Number of protein chains: 2
Amino acid sequence: MLSHKAKYALKALLYLAEQDENHISRTIEIADGANIPKKFLEQILLDLKRGRFVSSKQGKFGGYYLIKSKNDITLAEIHRLFDGAIALLPCASLNFYEPCSDCKTESECSLRHGLLLIRDKTLKAMEGITIASLVKK
Amino acid sequence: MLSHKAKYALKALLYLAEQDENHISRTIEIADGANIPKKFLEQILLDLKRGRFVSSKQGKFGGYYLIKSKNDITLAEIHRLFDGAIALLPCASLNFYEPCSDCKTESECSLRHGLLLIRDKTLKAMEGITIASLVKK
DNA sequence: CTTAACCCTATCGATTTAATAGAATTTGTA
DNA sequence: TACAAATTCTATTAAATCGATAGGGTTAAG
């Protein structure tokens, strides 16, 4: 399941993607538009900025805007940024790999092979969902 | 990601599936064989029993055994039993559906459509992984 | 220099998670 | 019948995580 943070991030990106080119959106504007607690959204937008999805203008009349094409922002990326691995166990993860602590004898645990299959299919599906694909509906 | 409970459940089922027909496995035997904390495993086996995946024999020489074919126990079922919904949000879930609390205007949130696509593919993949498919490797 | 905005860090309360504890119950058998 | 060996059940705990809030600090326009 997605965390609220990830869900809010997607909604915020969706909001930004729906604005006119060159429009700058204030946090409060996004919060109201997407129904997200403002102070919570602040943190999320900062995370999105650190992740190079958005950029900001500080000071009066400042705000946030997309710096990555809505066609290139995928659900997979947002999941990884806020909720971490897409795989079901760390030993089956590409970006968050860790060996199992409780698989004593073999280096590959008995579940790993099956979980790799799941991860591949889920990942492919999640890479197919972009902000743009969510906007046009 | 899978919880430890779900992971341990899968390993325990795998252990049971590898035993001879009619063999009854004691908890301690499974715990040692699959490297799972024994008292924690007790709870998990009870959950698996309530979920009709295994049954037990009480008293001396008692233990656990599969009552469902290893070909019919899927990763999807175990995920649902221990970790709940497979979908990324409750509003996209088949078995754990709940409407979004923060989607004010429309009955369907902006993310739901995309998440339904993900859920369908992930679910199909998870239904394809059975205990039997994990054993033979 | 005031105002309006982003930026940053800390904290909080509630929930969940992983695990442990301890006792009650059941069953086989010497 | 008493003991031993096993499941069953409920409670508790310690730690981590999550969702959210608080309260400033910093930046820039006018």
Side-chain angles (χ1 to χ4, degrees), chain A residues 1-12 16 23-32 34-67 79 81-85 88-90 96 98 100-102, chain B residues 1-12 16 23-32 34-51 53-67 79 81-85 88-90 96 100-102:
Chain A
M1 299 275 284
L2 289 182
S3 66
H4 281 208
K5 255 191 176 173
K7 180 178 69 169
Y8 290 158
L10 289 169
K11 288 192 165 188
L16 292 176
H23 178 70
I24 287 188
S25 305
R26 288 171 302 143
T27 304
I28 187 67
E29 189 186 323
I30 306 170
D32 289 348
N35 212 27
I36 303 169
K38 192 210 169 217
K39 291 294 279 183
F40 199 20
L41 179 59
E42 280 185 14
Q43 298 174 40
I44 293 164
L45 288 168
L46 286 174
D47 287 336
L48 286 172
K49 185 182 176 183
R50 293 186 194 106
R52 311 278 186 144
F53 294 97
V54 304
S55 189
S56 65
K57 186 171 177 311
Q58 286 195 126
K60 202 170 184 180
F61 304 123
Y64 290 92
Y65 52 95
L66 284 183
I67 54 169
H79 189 287
L81 182 60
F82 292 96
D83 294 348
L88 289 172
L89 285 184
F96 296 85
E98 276 181 65
C100 305
S101 55
D102 57 310
Chain B
M1 297 275 285
L2 290 182
S3 66
H4 282 210
K5 255 191 175 171
K7 181 178 68 171
Y8 290 158
L10 290 169
K11 288 192 165 188
L16 292 177
H23 178 69
I24 287 190
S25 305
R26 287 172 302 144
T27 304
I28 187 68
E29 189 186 322
I30 306 170
D32 288 349
N35 212 29
I36 304 169
K38 191 209 170 222
K39 292 294 281 183
F40 198 20
L41 179 59
E42 282 183 11
Q43 298 175 38
I44 293 164
L45 287 168
L46 285 174
D47 287 336
L48 285 172
K49 185 182 177 184
R50 293 187 194 105
F53 294 98
V54 304
S55 189
S56 65
K57 186 171 176 310
Q58 286 195 127
K60 201 171 184 180
F61 305 122
Y64 291 91
Y65 52 95
L66 285 184
I67 54 170
H79 189 285
L81 183 59
F82 292 96
D83 294 347
L88 288 173
L89 285 183
F96 297 84
C100 305
S101 55
D102 57 310

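Since this is a predicted model, take the numbers as computed values, not measurements. In what follows, chains carry the letters A, B, and so on, assigned in the order in which the sequence lines appear, proteins first and then strands, with residues in each chain numbered from 1.
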Q: With the side chain of B/Arg50 defined as its heavy atoms from C-beta on, choose the nearest nucleotide among C/dT20, C/dC8, D/dC9.
A: D/dC9
(Q) Between P on D/dT7 and CG on B/Leu16, what's the gap in Å once rounded to a whole number? (A) 11 Å
Q: Take atom CG of A/Asp83 and atom P of D/dT17, then tell me their distance rounded to the nearest Å.
A: 13 Å
Q. Listed in order of residue number, which residues of residues 55-65 of chain B have a non-hydrogen atom at under 4.0 Å from DNA chain D?
A. B/Ser56, B/Lys57, B/Gln58, B/Gly59, B/Lys60, B/Gly62, B/Gly63, B/Tyr64
Q.
Looking at C/dA19, I'd like to know if its phosphate oxygens (OP1 or OP2) sit under 4.0 Å from a side-chain N or O belonging to B/His4.
A. yes
Q) Does a distance-only test, which skips hydrogens and angles, find a donor-acceptor pair under 3.5 Å between the side chain of A/Lys39 and the base of D/dG23? A) yes
**Q.** A/Leu48 CG to C/dC6 P, straight-line distance once rounded to whole Å
**A.** 14 Å
Q. Going from CG on A/Leu45 to OH on A/Tyr8, what distance comes out if it is rounded to the nearest 0.5 angstrom?
A. 13.0 Å
Q.
Restricting to non-hydrogen atoms, name the atom on B/Leu41 and the atom on B/Ala31 that form the minimum distance, rounded to 0.1 Å.
A. CD2-N, 3.5 Å
**Q.** Whole angstrom value for the distance that separates P of C/dA24 from CG of B/Leu46
**A.** 18 Å
Q: Round to a whole Å and report the spacing from CZ of B/Arg26 to P of C/dG28.
A: 16 Å
Q: Establish, with yes or no, whether the OP1 or OP2 oxygen of C/dA18 is under 4.0 angstrom from a side-chain nitrogen or oxygen of B/Tyr8.
A: no
(Q) At less than 3.5 Å, do the side-chain atoms of B/Gln43 and the base atoms of D/dT10 form a donor-acceptor pair? (A) no
Q: Specify the closest pair of heavy atoms between A/His23 and A/Tyr65, including all atoms of both residues, with the distance to one decimal.
A: O-CB, 3.9 Å
Q) What integer distance in Å separates A/Lys38:NZ from D/dG19:P? A) 20 Å
Q. Any side-chain N or O of A/Thr27 less than 4.0 Å from the OP1 or OP2 oxygen of C/dC6?
A. yes
Q: Nearest 0.5 Å please: distance from the CD atom of B/Glu42 over to the CG atom of B/Asp47.
A: 12.0 Å
Q: Mind calculating the distance between CD1 (A/Ile44) and P (C/dC6) to the nearest angstrom?
A: 14 Å
